[in-house]
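Below, each value reflects all heavy atoms present in this structure, side chains not excepted, and no hydrogens, waters or symmetry copies. From a predicted model like this one, the values you see are computed outputs, not experimental measurements. All chains are named by letter (A, B, ...) in the order of the sequence lines, taking the proteins before the strands, and each is independently numbered beginning at 1.
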Amino acid sequence: MKAPTVHLRFLPAALPEAAENLRSEVRVLLEETRAEGVWLADGLSWWGRNPALSRALGDAGFIGMTWPRQYGGSERSYLERYVVTEELLAACAPTAFHWFADRQIGPSILRYGTEEQKQRFLPPIARGELSFAVGMSEPDSGSDLASIRTRAERTDGGWRLNGSKIWTSYAHEAEYCVALVRTEPKSDKRHAGMSQVIVDLKNSDGITVRPIIDLPGRHDFNEVFFEDTFVPDDCLLGDSGDGWAQVTSELAYERSGPERFLTNFHLLRALVDALDGSASPGAQREVGRLVSRLWALRAASVSVAAALEAGETPNVESALVKDLGTNFQQDVPEIVRRVVADEGVADEVVLDILHQVILAAPSYTIQGGATEILRGIVARGLRLR
Amino acid sequence: MSEMRQLLMDTAVRLFEAASMDEVFKAVEEGRRPLSHWRALEENGLVDLLLPEEAGGAAVGFGDAMAVARAAGAFALPLPLVETMIGRWLLSGAGLGAPAGPLGVVTAAGRLEVAWPDEISALVVSDAADRVGWVAAGEFEFEHGTNGAGEPVGRLREPPPIPPGQSGGLDSERSPSTLMAVARAAMIAGAMERVLDLTIEHVQGRVQFGRPLARFQAVQQLVAVMASHTAVVGVAADTAIAAVETVLDRHVGDATFMAGCAKARASEACYEVTRIAHQLHGAIGYTREHDLHRFTRRLWAWRDADGDEGYWRQSVGEMAIRSGGAGLWPLLVETPGAALER
Ligand SMILES: Cc1cc2nc3c(=O)[nH]c(=O)nc-3n(C[C@H](O)[C@H](O)[C@H](O)COP(=O)(O)OP(=O)(O)OC[C@H]3O[C@@H](n4cnc5c(N)ncnc54)[C@H](O)[C@@H]3O)c2cc1C
């Protein structure tokens, strides 16, 4: 018998000293701003949106960290950004104001944008002053994103948008939305003819934003309608027709991050706070079950972050981390619920978070690539398809 | 991978690949003594990898030795190589010479269970007074049993007393429970990689309804799940091993938490990985004719060995609860330090 082929190997990685040093800086900033009343934890953690906190983080250089200085960044490594991100999540900081721009839109502008776009958008994003929404999904296009129909037609000095986007998180608050649109009619080539445009949500005619109340009862996402909405030429992002390649190139960054397993860390933390030395062995084991899974997921996620830092494109590994991470997150409230009941925990803090998290949990395995899609990517990585 | 590690792996894999390994399996299956093959491991220096050069060892780092443990897992090696490797090193660290032949290591985490009780020449035991020593075969009592792989195990009622002159001080950085837990996690990772490889090979080759099983989405999704668990167990084991190595090299901190997390996660994943592997193999996997059972049965044995998921979850859970809400995050992210070479 020969040695087996190892199909997916995650190399163990540790965060470099420079990244570790940032931890305390982030913790101090969060502590101080909380004490000053700048922010309060949101029951859904980073889904909370707090412009003042984002500005404070921007001032401290914690947004757009990996970008060049000339565009407001601080030229830090991706691993340093990783530490800041996980510290924000661990502290349950409401960061939705800058999250999408920091994670995917800023990097896209940096990579595909014109010099003028970089100067115009990146510095205010990095200062925590400019908020972006992501306009990809449509009523008839979710997992099958390539089937989008919103079109942009050439007109004098720009493009005319018609169609609608849905589930657009914070479109009712953000200044801009980067929308994936069809700039050429559908053809045999599924991934051809799409482009990304930067839409000014506050100052364009022909935009209607319809609120959608989500399962937890919040107004976080929307449906956005475009009716002959004008987008000037200088707001086309990248080359016309390259939209698909552009949106898929950032997936590894979007998927492997710690928000895929730390979104409800505050629940676990509250549970641990509510338990003490008198916790039953059963409760200890359940806590240990969650903690050991979380620790292992983080080891995998840090490994992917190190691969990204090394210039690799770990798309399969990222899909894998997101699948296991979001499944873990979904298990957290169920397991906490049992412990709370079995141990007779009456702590209002835990119960309150628990009830909110149960309502949020179904979304984890849908947004940003649903479970079956992620597993399909892993299967392709294993050459099964 | 470092040159040293590559060289070691090549040696180990060459030995494990040798045709005689099939004989070892046959011997185990038929209840015969497999230890006639033990000499090859000794002659190639595998049991003394960790020992310092003065003691006749190869003085390789813990991480390199664990690469051999992972390879042993990938071959479902039915010999107490890892126990002996770690046992000899523990004794050497206490200034003791180790008796020749295979060893068993008794730990509290492992519920005082020892593999191959009739074959080993001695047991390595540590006591509450932070001493480690050995007890020769025949000088300790146990009950006979078998593990999930059908291999003999001995169950001790209590750790046997160490005879005078056969013990020395145990370095706190070398906790037998912690070391055996990470070693076993590495073996589980290796065996899972094998089970995944066998399953991928099977679904690509087996044709039903006119196409390979691998073409069916339902099958692809199951393979993706087992591949995911396998990958995470692998990186968890490696990360815990790196933590142990740092503790040993720098004499800082303690890797019990990481080792416990890695072993709890590895043991937990055995169910899902073996369940899917057997499901996708169909009836042929439910035989002793196909190779799959060699590996799935070892996974069922090893998930219990050196602390099952219940034991380590409780240990990790206790640490988490003791750390309190504010201490939980630092507990999760603070490692003994040191970037591992990529
Ligand atoms: C809280 C939240 C916030 C969001 N924010 C944004 C945002 O800001 N911007 C944005 O553009 N979008 C956003 N989305 C939308 C999100 O990207 C989509 O929900 C996601 O892409 C899935 O699409 P869908 O909901 O249409 O589900 P569908 O694609 O209809 O999928 C439903 C189910 O069918 C399965 N399925 C689909 N295709 C296959 C297949 N080929 N094989 C097997 N199974 C399949 C899926 O895995 C899933 O389980 C958000 C979603 C949520 C829940």
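For the pair A:Lys2 and B:Asp197, the salt-bridge criterion is not met [side-chain N within less than 4.0 Å of a carboxylate O].
Atom CD of A:Gln284 sits about 4.5 Å away from atom CD of B:Glu318, to the nearest 0.5 Å. Taking CG of A:Leu268 as the reference point, atom CG of B:Leu328 lies at 5.5 Å (rounded to 0.5 Å). To the nearest 0.5 Å, atom CD of residue B:Glu309 and atom OG of residue A:Ser292 are 9.5 Å apart. Distance check, rounded to the nearest 0.5 Å: CZ of B:Arg322 to CG of A:Leu275 gives 14.0 Å. For the atom pair CZ (A:Arg383) and CD (B:Gln204), the distance works out to 9.0 Å, reported to the nearest 0.5 Å. One finds the CG atom of A:Leu262 at 8.5 Å from the CG atom of B:Leu332 (value rounded to the nearest 0.5 Å).
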B:Val232 and A:Leu320: CA distance, side-chain angles, deciding distance, side-chain contact (heavy atoms from CB on, under 4.5 Å) verdict: CA-CA 9 Å; B:Val232 168; A:Leu320 187 159; 4.3 Å; yes

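Nearest heavy atoms, A:Pro4 versus B:Glu193: CB-O, 4.2 Å. When all heavy atoms of A:Ala299 and B:Val235 are compared, the closest pair comes out as O-CG2, 3.9 Å. Closest heavy-atom contact between A:Pro281 and B:Gln314: CB-NE2, 3.7 Å. Listed here is the closest heavy atom pair of B:Asp238 and A:Arg9: OD2-NH2, 3.1 Å. Across A:Met1 and B:Phe75, no two heavy atoms sit closer than the pair O-CE2, 3.3 Å. Nearest heavy atoms, B:Gly325 versus A:Val272: N-CG1, 3.7 Å.
Of the two parts of B:Val203, only the side chain, counted from C-beta on, holds a non-hydrogen atom closer than 4.5 Å to a non-hydrogen atom of chain A. Heavy-atom distances place the backbone of A:Asp276, and not its side chain, under 4.5 Å from chain B. Interface residue A:Leu324: only side-chain heavy atoms are found under 4.5 Å from chain B. Both the backbone and the side chain of A:Arg293 come within contact range of chain B, with heavy atoms under 4.5 Å apart. With a 4.5 Å cut-off on non-hydrogen atoms, A:Ala296 touches chain B through its backbone and its side chain both. Neither the backbone nor the side chain of B:Arg14 comes within contact range of chain A; no heavy atoms are under 4.5 Å apart. Heavy-atom distances place both the backbone and the side chain of B:Met258 under 4.5 Å from chain A. Contact annotation for B:Ala240: both backbone and side-chain heavy atoms come within less than 4.5 Å of a heavy atom of chain A. In this structure, chain A has no heavy atom under 4.5 Å from any part of B:Phe216. Contacts between A:Leu374 and chain B at a heavy-atom distance below 4.5 Å are absent for every atom of the residue. When heavy atoms are compared at a cutoff of 4.5 Å, A:Glu372 approaches chain B by way of both its backbone and its side chain.
B:Cys261 has its side chain out of reach of A:Arg298: every pair of non-hydrogen atoms, C-beta onward, lies at least 4.5 Å apart.
Contact count versus chain B (heavy atoms, under 4.5 Å) is highest, among A:Leu8, A:Ile377, A:Val291, for A:Val291. Interface check for chain B: of the options A:Glu317, A:Glu286, A:Glu86, the most heavy-atom pairs under 4.5 Å are formed by A:Glu86. When each of B:Ala231, B:Ser228, B:Ala214 is checked for heavy-atom pairs under 4.5 Å with chain A, B:Ser228 comes out on top.
More than 12 non-hydrogen atoms from other residues, nucleotides or ligands lie less than 6.0 angstrom from CD1 of A:Ile366. Within a 6.0 Å radius of CD in A:Glu334, more than 12 heavy atoms belonging to other residues, nucleotides or ligands are found.
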